[in-house]
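Everything below concerns the one structure shown next.
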Amino acid sequence: MTRREIRDSAFKLVFEQLLRDDDIQELYDIAEEIDEITVNDEVKKIVEGTLAHAQELDDIISGYSRSRSISRISKLNLAILRIALYESIYDDNTPMNAAISEAIKLSMMYTYQEDTSFINGVLGAFSRDRQGSETENV
């Protein structure tokens, strides 16, 4: 699996969990049963990490979303934002720019143009602040 395919599968599972609020293991089982979403260790790492840090990620999203409260952000957008932020913060193998670029690509595949702009704005502001704080700490 390519990194993009792993991220796409993780996105679908995180999104499904937002919709159904089911136990993640149940969603893994369903995904494997219908054989449309690949579930492997790399996918599980992203899904479980994103879910484990969901509140922290939502707090970050809330801080950078100027136009929408977290409850008004679509589940699709929320899943994409959570995964991008999770990878940016916790995955040492994924550079922040790559996580943001992949989030934009997911958004272009699954959401509306204005949603892609919103996601880009939130992640761009986060990235600028993060890079600014890293520069100050050097």
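Model, not experiment: these values are computed from the prediction.
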Can you check whether [X] reaches [Y] side chain to side chain, under 4.5 Å on heavy atoms?
{"X": "Thr94", "Y": "Arg7", "answer": "yes"}
{"X": "Val122", "Y": "Phe126", "answer": "no"}
{"X": "Phe118", "Y": "Ser65", "answer": "yes"}
{"X": "Phe15", "Y": "Tyr110", "answer": "no"}
{"X": "Glu102", "Y": "Arg3", "answer": "no"}
{"X": "Ile60", "Y": "Ile89", "answer": "yes"}

Mind checking side chain to side chain contact (heavy atoms under 4.5 Å, CB included) for [X] and listing every partner two or more places apart, or none if nothing turns up?
{"X": "Thr38", "value": "Met1, Ser9, Asn40"}
{"X": "Asn97", "value": "Ser127, Gln131"}
{"X": "Ser101", "value": "Lys105"}

Sequence neighbours excluded and cut-off under 3.5 Å, please list the side-chain donor-acceptor pairs for residues 69-86, or say none.
from: Ser69; atom 1: OG; to: Ser71; atom 2: OG; distance (Å): 3.1
from: Ser74; atom 1: OG; to: Asn77; atom 2: N; distance (Å): 3.1
from: Ser74; atom 1: OG; to: Asn77; atom 2: ND2; distance (Å): 3.3
from: Asn77; atom 1: ND2; to: Asp115; atom 2: OD1; distance (Å): 3.2
from: Arg82; atom 1: NE; to: Asp58; atom 2: OD1; distance (Å): 2.8
from: Arg82; atom 1: NH2; to: Asp58; atom 2: OD1; distance (Å): 3.2
from: Arg82; atom 1: NH2; to: Asp58; atom 2: OD2; distance (Å): 2.6

Roughly how far, to the nearest 0.5 Å, is the [atom2] atom of [Y] from the [atom1] atom of [X]?
{"X": "Ile30", "Y": "Ile37", "atom1": "CD1", "atom2": "CD1", "value": "9.5 Å"}
{"X": "Met96", "Y": "Asp91", "atom1": "CE", "atom2": "CG", "value": "12.0 Å"}
{"X": "Ile119", "Y": "Glu114", "atom1": "CD1", "atom2": "CD", "value": "11.0 Å"}
{"X": "Asp22", "Y": "Glu16", "atom1": "CG", "atom2": "CD", "value": "7.5 Å"}
{"X": "Leu27", "Y": "Lys12", "atom1": "CG", "atom2": "NZ", "value": "14.0 Å"}

Next item on the list: Give a yes or no on whether Leu106 and Leu19 share a hydrophobic cluster (residues Ile, Leu, Val, Met, Phe, Trp, Tyr; joining criterion: side-chain heavy atoms under 4.5 Å apart).
Entry: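 Yes, it is one cluster - the side chains of Leu106 and Leu19 are joined through contacts under 4.5 Å.
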Margin query: Do Val14 and Met108 land in one hydrophobic cluster if side-chain heavy atoms of ILVMFWY residues count as linked below 4.5 Å?
Written below: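 Same hydrophobic cluster.
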Next item on the list: Check for a donor-acceptor pair, side chain of Glu5 on one end and backbone N or O of Thr2 on the other, with a separation under 3.5 Å.
Entry: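 Side chain of Glu5 to backbone of Thr2: a pair is present.
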Notebook entry, point to check: Given the rule in the side-chain contact (heavy atoms from CB on, under 4.5 Å) test, do Gln17 and Asp23 qualify, once you have shown the distances and angles that lead to the verdict?
Noted result: CA-CA 8 Å; Gln17 200 278 331; Asp23 177 68; over 6 Å; no
Margin query: According to ring-ring contact (aromatic ring centres under 6.0 Å, His included), does anything in residues 22-60 pair up with another residue at least two apart or in another chain? List the pairs.
Written below: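 Only His53-Tyr90 qualify under ring-ring contact (aromatic ring centres under 6.0 Å, His included).
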Notebook entry, point to check: So, for Ile100 and Leu123, which heavy atoms are closest and what is the spacing to 0.1 Å?
Noted result: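 Heavy atoms only, the tightest pair is CD1-O, 3.6 Å.
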Notebook entry, point to check: Could you give all pairs that pass the salt bridge (Lys or Arg N to Asp or Glu O under 4.0 Å) test and reach residues 33-45, with sequence neighbours left out?
Noted result: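 Qualifying pairs, neighbours excluded: none.
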